[in-house]
**Student:** 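Before I ask anything, here is the structure I am working with.
Heavy-atom basis, side chains included; hydrogens, waters and symmetry copies ignored. Because the structure is a prediction, the values reported are computed rather than measured.
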Amino acid sequence: MRIAFITPEYITEPNFDGGLANYLYRVSVALKDFEHEPLIIVGTNRDDVIVHGGIQVNRVDVTLPGRAILQHIPYVRRLIPAIQWIWQSWRLNRRLSELQNQQRIDVAQFASYTGTALFRSKEIPSVVRISSMQSLWESANAVTNTLTRKLQIFIEYFALGKADHLFGPSRLIAEAVANKTGHPVTVIESPFLMSEMRWDCQLYHDILAGKDYLLFFGTLSRLKGAHVIAAILPDLLSRHPSIYFVFAGKDAGYNGNPMMNHLWEKAGKSRGRIIHLGVLPHDQLYPVIQNARSIVLPSLIDNLPNSCIESMSLGQIVIGTQGASFEQLIDDGSSGFLCTQNDPASLLDKIDRALNLDLSQRNEITKNAKARIAQLAPDLTVKTLIDFYLEIKETARKHCQ
């Protein structure tokens, strides 16, 4: 089969920023190994075609025409982010139609993020993968619903209705979207296989070697629960005087200031035990993950996050949140720990439990964590995805008869 992935981000592009791009790369490589032909159509700032890892990447310039002029028009400038989404979908789908005319595409898979399926052609069987939903994320993040945000939410949900089928990796998000839209959502967990890249351990040795530390990695934001970590720092650092807390990732801010400033402020006299590494490439990040005491990921909502999967695959003990999709990966107390969302006392209790494990208990949780992630091997998950594509293709064929 020839499968096209339509996306606002991919790992070849400067706007690559995490889970969606990583997922598409892993799926594309796995499909290629199964002798299918994946291709990428990605929104960026140029028009060209490259081959990356044996996969065709179609770059589409989605720069909004007249953006500089629109920014000077009152009221209109506030709508530019939503207008950008509409323009991006138009450009990406135009490129998809051009490719369809050159060589038949069996299935088109759209990202839910930014509503890429808004202008999808009904000539190609299609599916939208639920990677994130603006309304759910903003509700969890306590974001004010401006006119622009309302329009973006409308675009995402309207685009879902344009596709033939919907699927997503987590039961939590699938159920929420199905309840909101009335469209059924199939759950297909994302494939995971640890990259065989050569690790760069220099940063770990220079900054962290010999330190006993907890690790948070990802976007430092309220959505990811960094403010909950801030709330527990005085008690945590007092109870465990040898423990450091390490943060790696982009700082998204908090109440108009950097999140790291808030974390250092809450740490008070112990601020020297709070370390920020910034955004790290995976070859530097993996040694930091592997040598941590535990990984702390108190997200308010998530969608089977890569951060949890990567950590568990390395045998780490993850402390995640109940009701944020971590429960699909973690059996509390057996393969990691789950705390209550947005509850500092609950988070501190689970961290205490993780820090107080003896060696045999740690080894048991490590074994169970690795076993859970082994269930995400491409041989299992991608086979399910291929069967899903075949079903979509067959349904479309019958409708054409």
Side-chain angles (χ1 to χ4, degrees), residues 9-11 16-30 53 131-132 168-170 172-173 188-201 203-204 208 213-221 223-226 229 245-250 277-299 301-321 324-331 334-338 354 362 365-382:
E9 64 176 56
Y10 192 60
I11 65 169
F16 156 49
D17 194 35
L20 173 58
N22 275 318
Y23 159 79
L24 290 173
Y25 174 68
R26 287 170 179 157
V27 166
S28 296
V29 169
S131 54
S132 65
S170 81
L172 176 79
I173 303 302
I188 302 175
E189 293 184 339
S190 303
F192 179 79
L193 188 64
M194 178 60 71
S195 171
E196 295 181 358
M197 73 178 73
R198 185 186 182 95
W199 289 9
D200 178 358
C201 299
L203 180 141
Y204 166 75
L208 299 176
Y213 63 91
L214 299 166
L215 173 66
F216 168 96
F217 68 99
T219 302
L220 280 78
S221 65
L223 185 68
K224 296 295 184 178
I229 297 176
F245 214 123
V246 175
F247 296 85
K250 177 177 67 177
L277 301 178
V279 178
L280 300 180
H282 277 87
D283 62 340
Q284 292 182 334
L285 178 61
Y286 283 156
V288 175
I289 296 172
Q290 189 173 58
N291 289 284
R293 192 69 177 273
S294 290
I295 310 301
V296 183
L297 304 172
S299 296
I301 190 168
D302 234 310
N303 195 17
L304 224 62
N306 278 322
S307 52
C308 181
I309 293 169
E310 289 171 334
S311 299
M312 292 174 70
S313 75
L314 290 170
Q316 264 297 354
I317 295 174
V318 175
I319 301 163
T321 43
S325 83
F326 289 87
E327 65 275 10
Q328 193 170 326
L329 295 167
I330 295 173
D331 182 10
S334 175
S335 53
F337 292 100
L338 296 171
R362 286 189 63 86
I365 291 177
T366 290
K367 181 186 74 173
N368 293 338
K370 288 184 174 181
R372 174 62 182 97
I373 301 308
Q375 297 172 13
L376 303 180
D379 285 353
L380 302 174
T381 53
V382 175

**Student:** Could you tell me whether a side-chain N or O of Gln290 sits under 3.5 Å from a main-chain N or O of Leu314, the two making a donor and an acceptor?
**Tutor:**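 It does not hold such a pair.
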**Student:** Roughly how far, to the nearest 0.5 Å, is NZ of Lys367 from OG of Ser334?
**Tutor:**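 Answer rounded to 0.5 Å: 9.0 Å.
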**Student:** Kindly give the heavy-atom pair with the smallest separation between Pro191 and Pro378, and that separation in Å.
**Tutor:**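 Shortest heavy-atom contact: CB-CA, 4.1 Å.
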**Student:** Looking only at atom types and distance, does a side-chain atom of Ser335 sit under 3.5 Å from a main-chain N or O of Asn368, one as donor and one as acceptor?
**Tutor:**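 No, the answer is negative, given that no donor and acceptor are paired below the 3.5 Å cut-off.
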**Student:** How far does OH of Tyr10 sit from CG of Asn22, to the nearest 0.5 angstrom?
**Tutor:**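 CG of Asn22 is found 9.5 Å from OH of Tyr10.
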**Student:** How long is the gap from CD1 on Ile229 to CZ on Phe216, to the nearest 0.5 Å?
**Tutor:**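 One gets 5.5 Å once the value is rounded to the nearest 0.5 Å.
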**Student:** Less than 3.5 Å apart, any donor N or O on the side chain of Asp302 or Ser325 sitting next to an acceptor on the other?
**Tutor:**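 Result is no, nothing qualifies.
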**Student:** Take Met312 and Leu376 through the side chain to side chain contact (heavy atoms under 4.5 Å, CB included) test and state the conclusion after the steps.
**Tutor:** CA-CA 12 Å; Met312 292 174 70; Leu376 303 180; over 6 Å; no
**Student:** Would you say that Ser313 contacts Phe192 through its side chain, given a criterion of any heavy-atom pair below 4.5 Å between the two side chains?
**Tutor:**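 Answer yes - side chains close enough.
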**Student:** Between CD1 of Ile319 and OG of Ser311, what distance do you get to the nearest 0.5 Å?
**Tutor:**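 One gets 11.0 Å once the value is rounded to the nearest 0.5 Å.
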**Student:** Is there a side-chain contact between Ser170 and Glu327, using heavy atoms and a 4.5 Å cut-off?
**Tutor:**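 No, every pair of side-chain atoms sits at 4.5 Å or beyond.
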**Student:** Count the heavy atoms of every other residue, nucleotide or ligand shown that sit under 6.0 Å from CZ of Phe247, and state whether that count exceeds 12.
**Tutor:**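 Yes - once you tally the heavy atoms of other residues, nucleotides and ligands closer than 6.0 Å, there are more than 12.
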**Student:** I'd like a table of donor-acceptor pairs (distance under 3.5 Å, sequence neighbours excluded) in which one partner is a side-chain atom from residues 278-288, with atom names and distances.
**Tutor:**
residue	atom	partner	partner atom	Å
His282	NE2	Glu310	OE2	3.0
Gln284	NE2	Asp200	OD2	3.4
Tyr286	OH	Glu310	OE2	3.2

**Student:** Can you tell me if Arg293 uses its side chain to pair, donor with acceptor, with the backbone of Ala354 under 3.5 Å?
**Tutor:**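 It does not hold such a pair.
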**Student:** With no hydrogens and no angle check, is any side-chain donor or acceptor of Thr366 less than 3.5 Å from a backbone partner on Gly315?
**Tutor:**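 At least one qualifying donor-acceptor pair exists.
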**Student:** Hey, could you give me the CD1/CD1 distance between Ile317 and Ile365, rounded to the nearest 0.5 Å?
**Tutor:**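 These two atoms lie 4.5 Å from each other.
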**Student:** Within a strict 4.5 Å, meaning less than it, do heavy atoms of the Ile295 and Phe217 side chains meet?
**Tutor:**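 Yes, close enough: below the 4.5 Å cut-off.
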**Student:** Show the numbers, then the answer: is there a side chain to side chain contact (heavy atoms under 4.5 Å, CB included) between Arg372 and Leu329?
**Tutor:** CA-CA 7 Å; Arg372 174 62 182 97; Leu329 295 167; 4.0 Å; yes
**Student:** Just how far is it from atom OH of Tyr25 to atom CG of Leu20, taken to the nearest 0.5 Å?
**Tutor:**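 Tyr25 atom OH to Leu20 atom CG measures 15.5 Å (nearest 0.5 Å).
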**Student:** Can you find a heavy atom in the side chain of Pro305 that is under 4.5 Å from one in the side chain of Leu297?
**Tutor:**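 With C-beta onward as the side chain, the pair stays apart.
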**Student:** When you look at Ile188 and Thr381, which way does the side chain to side chain contact (heavy atoms under 4.5 Å, CB included) test go after all the steps?
**Tutor:** CA-CA 7 Å; Ile188 302 175; Thr381 53; 5.5 Å; no
**Student:** Donor-acceptor check, side chain of Gln328 to backbone of Leu304, threshold 3.5 angstrom: yes or no?
**Tutor:**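 Checking the backbone N and O of Leu304 against the side chain of Gln328, no donor-acceptor pair under 3.5 Å is found.
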**Student:** Going through the distances and angles, do Asn291 and Leu208 end up as a side chain to side chain contact (heavy atoms under 4.5 Å, CB included)?
**Tutor:** CA-CA 9 Å; Asn291 289 284; Leu208 299 176; over 6 Å; no
**Student:** Ignoring hydrogens and angles, state whether a donor on the side chain of Gln375 or Glu189 is under 3.5 Å from an acceptor on the partner side chain.
**Tutor:**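 Note: Gln375 and Glu189 side chains miss the donor-acceptor criterion.
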